[in-house]
There are 2 protein chains.
Amino acid sequence: MSDLLERLRGRGWRMTAQRRVVAEVLDGEHVHLTADEVHARAVAKLPEISRATVYNTLGELVSLGEVLEVATDKRAKRYDPNAHRPHHHLVCAQCGAIRDVHPSGNPLADLPDTERFGFTVSGVEVTYRGVCPNCAAA
Amino acid sequence: MSDLLERLRGRGWRMTAQRRVVAEVLDGEHVHLTADEVHARAVAKLPEISRATVYNTLGELVSLGEVLEVATDKRAKRYDPNAHRPHHHLVCAQCGAIRDVHPSGNPLADLPDTERFGFTVSGVEVTYRGVCPNCAAA
DNA sequence: ATCCTACAATGGACATTGTCCAAGTCAAGT
DNA sequence: ACTTGACTTGGACAATGTCCATTGTAGGAT
């Protein structure tokens, strides 16, 4: 690491201890954390970091396109640090675990003009639902 | 209306004024309402209905497969009464409007076994993101 | 090296959405 | 009409997220 910090600095981000810690948490974990989980891990490295700062920083990272928001269920948003390789998600309906997957087709091509209703379509998210091996065994 | 009420009665649902009102709200509107919007419309027809009952009833409708939950963003879940015709969603990134769409491909077929990680995959949701004509004009 | 200042962090109040529960109410079968 | 168990109620509570006035500080300017 960390290309991420490099890129951020290059974009004129003011580098603070808090932002570094949040970026490191995301960069290190290749899972999809909730804001609260990010906060918990950040606190472990920098005890006095506040919740608001974590939320702010996550929001900024999303705006910058460095991190993706994933809203697979009603519960908390999750943050996906793998923003630079397009991929989709496979979610366990029971335990909520998320895996990145790379399907073969291109769903954007599957939406004909007649189904676009004048929208300027800019992206697509595909969420597969199922039951993971662990939960199936239980 | 209302096949919905018929089906529910057929399944042994105890028919109460509250449930009828919630079902009517969903049946009448072919948009995707949040729980609070459903509650607001229900209150207009039956002022003393409580929020808890609306949540309960929506949850039951979802369990029965009569209504779909849609979690397109971090905000409230939306309820889609169009549960019997498979379709996907096109969401305006600015105003949050949702349109039902019917893409041509079958994304389930696009997920090879090697990308399933032992999951039993049971379904897929596709959410197209874009800007609607109204918001684009503004 | 020090100072300035705009930008960032803090933390606590507040907002929104959803869940839970004990008590009261009522639909529907007998 | 009675009875009963399912349904509703309302309010407390929980989880997640936002806002804002105040305080702190990174990084350029001197």
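Numbered from 1 within each chain, the chains take letters A, B, ... in sequence-line order. Values below: all heavy atoms of this structure, side chains included; hydrogens, waters and symmetry mates excluded.
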Enquirer: What's the closest nucleotide to the side chain of B:Thr57 if the choices are D:dC19, D:dT8, D:dG17?
Expert: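 Within the option list, the nearest is D:dT8.
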
Enquirer: Classify the side chain of A:Arg51 versus the base of D:dG17 as yes if they form a donor-acceptor pair under 3.5 Å and no if they do not.
Expert: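 Pair found.
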
Enquirer: Any heavy-atom pair between the side chains of A:His87 and A:Asp80 that's under 4.5 Å?
Expert: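 Yes, close enough: below the 4.5 Å cut-off.
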
Enquirer: Listing time: all N or O pairs from protein to nucleotides 27-30 of chain D that are below 3.5 Å?
Expert:
unit_1, atom_1, unit_2, atom_2, d
D:dG27, OP1, A:Met15, N, 3.0

Enquirer: Between the opening five pairs and the closing five pairs of the helix from C:dA1-D:dT30 to C:dT30-D:dA1, how far apart are the helix axes, to 10°?
Expert: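 Roughly 30°, once rounded to the nearest ten degrees.
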
Enquirer: On the nucleotide D:dC7, are OP1 or OP2 found under 4.0 Å from the side-chain N or O atoms that B:Arg19 carries?
Expert: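 Checking B:Arg19 against D:dC7: at least one side-chain N or O falls below 4.0 Å of OP1 or OP2.
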
Enquirer: Is the phosphate of C:dA9, meaning OP1 or OP2, less than 4.0 Å from a side-chain N or O of A:Thr53?
Expert: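 So the side chain of A:Thr53 is outside the cut-off, no N or O lying under 4.0 Å from OP1 or OP2 of C:dA9.
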
Enquirer: Report, one line per pair, each donor and acceptor closer than 3.5 Å where one atom sits in a side chain of residues 101-112 of chain A; sequence neighbours left out.
Expert:
unit_1, atom_1, unit_2, atom_2, d
A:Ser104, OG, B:Asp110, O, 3.3
A:Asn106, OD1, A:Leu108, N, 3.1

Enquirer: Side-chain N or O of A:Gln18 less than 4.0 angstrom from OP1 or OP2 on C:dT10?
Expert: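 For A:Gln18, the contact criterion (side-chain N or O under 4.0 Å from OP1 or OP2 of C:dT10) is met.
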
Enquirer: Which whole-number value in Å describes the distance from B:His39 NE2 to C:dT17 P?
Expert: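 It works out to 13 Å between those atoms.
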
Enquirer: When rounded to the nearest 0.5 angstrom, what distance separates OH in A:Tyr128 from CG in A:Leu90?
Expert: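 Atom-to-atom, A:Tyr128:OH and A:Leu90:CG are 9.0 Å apart.
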
Enquirer: Let me know the distance between CG of A:Asp36 and P of D:dA15, rounded to the nearest Å.
Expert: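 After rounding, the reported distance stands at 10 Å.
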
Enquirer: In whole Å, what is the span from the CG atom of B:Leu58 to the C1' atom of D:dT8?
Expert: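 The distance from CG of B:Leu58 to C1' of D:dT8 comes to 15 Å, rounded to the nearest Å.
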
Enquirer: With a 4.0 Å cut-off, would you call A:Arg11 and A:Glu66 a salt bridge?
Expert: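 Salt bridge present between A:Arg11 and A:Glu66.
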
Enquirer: State plainly whether the residues A:Arg99 and B:Glu115 are in salt-bridge range, i.e. N to O under 4.0 Å.
Expert: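 Judged by the 4.0 Å cut-off on N to carboxylate O distance, A:Arg99 and B:Glu115 do not form a salt bridge.
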
Enquirer: Taking the side chain as C-beta and beyond, is there a heavy-atom pair between B:Glu60 and B:Val62 under 4.5 Å?
Expert: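 No, side chains not in contact.
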
Enquirer: Looking at every strand, decide which applies to B:Ala76 at a 4.0 Å heavy-atom threshold: base, sugar-phosphate, or nothing.
Expert: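 Counting heavy atoms under 4.0 Å across all strands, the contact made by B:Ala76 is with sugar-phosphate only.
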
Enquirer: In whole angstrom, give the distance that lies between atom CD of B:Glu48 and atom P of D:dG11.
Expert: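 To the nearest whole Å, that distance equals 15 Å.
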
Enquirer: How many Å lie between CG on B:Leu8 and P on C:dA27, as a whole number?
Expert: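 To the nearest whole Å, that distance equals 17 Å.
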
Enquirer: Does B:Tyr55 put a side-chain nitrogen or oxygen below 4.0 Å from OP1 or OP2 of C:dT19?
Expert: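 False: B:Tyr55 side-chain N/O out of range (4.0 Å or more) of C:dT19 OP1/OP2.
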
Enquirer: Under a 4.5 Å cut-off applied to non-hydrogen side-chain atoms, are B:Leu33 and B:Tyr79 in contact?
Expert: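 B:Leu33 does not reach B:Tyr79 side chain to side chain.
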
Enquirer: So, are A:Glu69 and A:Arg78 salt-bridged, with charged N and O less than 4.0 Å apart?
Expert: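 Looking at A:Arg78 together with A:Glu69, the answer is no, because their closest N to O distance does not fall below 4.0 Å.
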
Enquirer: To the nearest 0.5 Å, how far apart are OG1 in A:Thr34 and NE2 in A:His32?
Expert: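 It comes to 12.5 Å.
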
Enquirer: Could you give the distance from CG (B:Asp36) to CZ (B:Arg41), rounded to the nearest 0.5 Å?
Expert: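 So the gap between those two atoms works out to 11.5 Å.
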
Enquirer: B:Lys77 NZ to C:dG18 C1': how many Å, rounded?
Expert: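 In whole Å, C:dG18 C1' lies 7 Å from B:Lys77 NZ.
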
Enquirer: Separation of A:Leu46 atom CG from D:dG24 atom C1', in whole Å?
Expert: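 Taking CG of A:Leu46 and C1' of D:dG24, I get 14 Å after rounding.
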
Enquirer: Provide, to the nearest angstrom, the distance between the CZ atom belonging to A:Arg20 and the P atom belonging to C:dA9.
Expert: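 Atom-to-atom, A:Arg20 to C:dA9, this comes out as 11 Å.
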
